[in-house]
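Notes to accompany the following structure.
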Amino acid sequence: MQRAIGMVEFNSIARGIYAADQMVKISEVEIVTAASTCPGKYIAIVHGDVAAVEDSVQIGERMAEEFFVDSIVIPNVDPGVFPAITGATMPERIQAVGIMESFSLATMIICADQILKAAEIEPIELRLGNGLGGKAYFTYTGDVAAVQSGTAAGQAIAEEKGLLVNAEVIPSPSDRLVPSLL
């Protein structure tokens, strides 16, 4: 069974909570996260099999009505995306570090999935909107070539959508910086 991830973004927190409830009541999905984000938005991220996630996202879009902002479904998401969203990653070793920043939460999830699929990379964190003025960023580690390759894959997606803020690769991060990334 393929694992999929889906997200619906709302510009009303109250409607977002209501719609998230409907999304999980009507479809066989689990919540990855459902929370308010900056600036005053709400996201509901679910996972499960592809058909259930597609149904859940459609329900969320329908329930959103005029409060709908954006949605995505990624049918065969890289398993590293889930712990990165919840901040539950702890790479054994930090090598080169990649940082990608986007104006869009949905685009950042798509980029993170592609970055992880492009090369042998470990996620550090996928931060979605909180304390970021509605932006999102993804930090990840691996050898320099892998981080550069992953960054190029994610950057291509964000640039195509016109939502890239910036992307950086740090080949050899300072030991004094590493704790702030974890």
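Since we're looking at a predicted model, the values are computed, not measured.
No chain of hydrophobic side-chain contacts below 4.5 Å, direct or via other Ile, Leu, Val, Met, Phe, Trp or Tyr residues, connects Ile45 to Ile13. At a threshold of 4.5 Å between side-chain heavy atoms, the hydrophobic network of Ile, Leu, Val, Met, Phe, Trp and Tyr places Ile43 and Tyr137 in two separate groups. No path of Ile, Leu, Val, Met, Phe, Trp and Tyr side chains, each step under 4.5 Å between heavy atoms, connects Leu116 with Met90, placing them in separate hydrophobic clusters.
Interatomic distance, Arg3 CZ to Asn76 CG, rounded to the nearest 0.5 Å: 11.0 Å. The structure places CD of Glu120 at 10.0 Å from CD of Gln95, a figure rounded to the nearest 0.5 Å. Rounding to the nearest 0.5 angstrom, the gap separating the CD atom in Glu122 from the CZ atom in Arg93 is 9.5 Å. In this structure, CE on Met100 lies 4.5 Å from CD1 on Ile115, to the nearest 0.5 angstrom. Taken from CD1 in Ile72 to CD1 in Ile110, the straight-line distance is 4.5 Å, to the nearest 0.5 Å.
What you find for Val81 and Leu126 is that their closest heavy atoms are CG1-CD2, 4.3 Å. Of all non-hydrogen atoms in Ala20 and Tyr42, the two that sit nearest each other are CB-CE2, 4.3 Å. Contact detail for Ala119 and Ala146: the closest heavy-atom pair is CB-O, 3.5 Å. Nearest heavy-atom pair, Ala84 versus Phe138, reported as atom, atom and distance to 0.1 Å: CB-CE1, 4.1 Å. Across Glu101 and Leu164, no two heavy atoms sit closer than the pair O-CD1, 3.6 Å. The heavy-atom pair separating Gly6 from Val53 by the smallest distance is N-CG1, 3.5 Å.
With hydrogens and angles disregarded, no donor-acceptor distance shorter than 3.5 Å links the side chain of Ser36 to the backbone of Lys41. Side chain of Asp78 to backbone of Asp113: no donor-acceptor contact under 3.5 angstrom is found. Of the possible donor and acceptor atoms, one in the side chain of Thr86 sits under 3.5 Å from a partner among the backbone N and O of Pro83. Judged by distance alone, with hydrogens and angles left aside, the side-chain atoms of Thr141 form no donor-acceptor pair with the main-chain N or O of Val97 at under 3.5 Å.
For the side chain to side chain contact (heavy atoms under 4.5 Å, CB included) with Val46, the lone residue among Val8, Val32, Val29 that qualifies is Val29.
A search for side-chain hydrogen bond (donor to acceptor under 3.5 Å, both in side chains) contacts involving Gln148 returns nothing, not counting sequence neighbours. For Asn11, there are no side-chain hydrogen bond (donor to acceptor under 3.5 Å, both in side chains) partners, not counting sequence neighbours. Residues forming a side-chain hydrogen bond (donor to acceptor under 3.5 Å, both in side chains) with Gln22 (at least two apart in sequence, or on another chain): none.
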With a cut-off of 3.5 Å and sequence neighbours excluded, list every side-chain donor-acceptor pair involving residues 54-70.
from: Ser56; atom 1: OG; to: Met23; atom 2: O; distance (Å): 3.2
from: Glu61; atom 1: OE2; to: Ser71; atom 2: OG; distance (Å): 2.4
from: Glu65; atom 1: OE1; to: Arg15; atom 2: NH1; distance (Å): 3.0

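Side-chain contact check for Ile5 versus Ile85: some heavy-atom pair is nearer than 4.5 Å. Side-chain contact check for Val77 versus His47: every heavy-atom pair is 4.5 Å or farther apart. A 4.5 Å side-chain heavy-atom check between Leu128 and Ile109 finds at least one atom pair inside the cut-off.
In the hydrophobic clustering (ILVMFWY side chains linked at under 4.5 Å, chained through shared members), Phe103 is joined by Leu163, Val165.
Legend: side-chain hydrogen bond (donor to acceptor under 3.5 Å, both in side chains) pairs involving residues 150-171, not counting sequence neighbours, sorted by first then second residue: Tyr140-Thr151, Gln155-Glu159, Asn166-Glu168.
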*Evaluate the criterion side chain to side chain contact (heavy atoms under 4.5 Å, CB included) for residue pair Ile94 and Leu177; output intermediate values, then yes/no.*
CA-CA 11 Å; Ile94 300 293; Leu177 174 70; over 6 Å; no
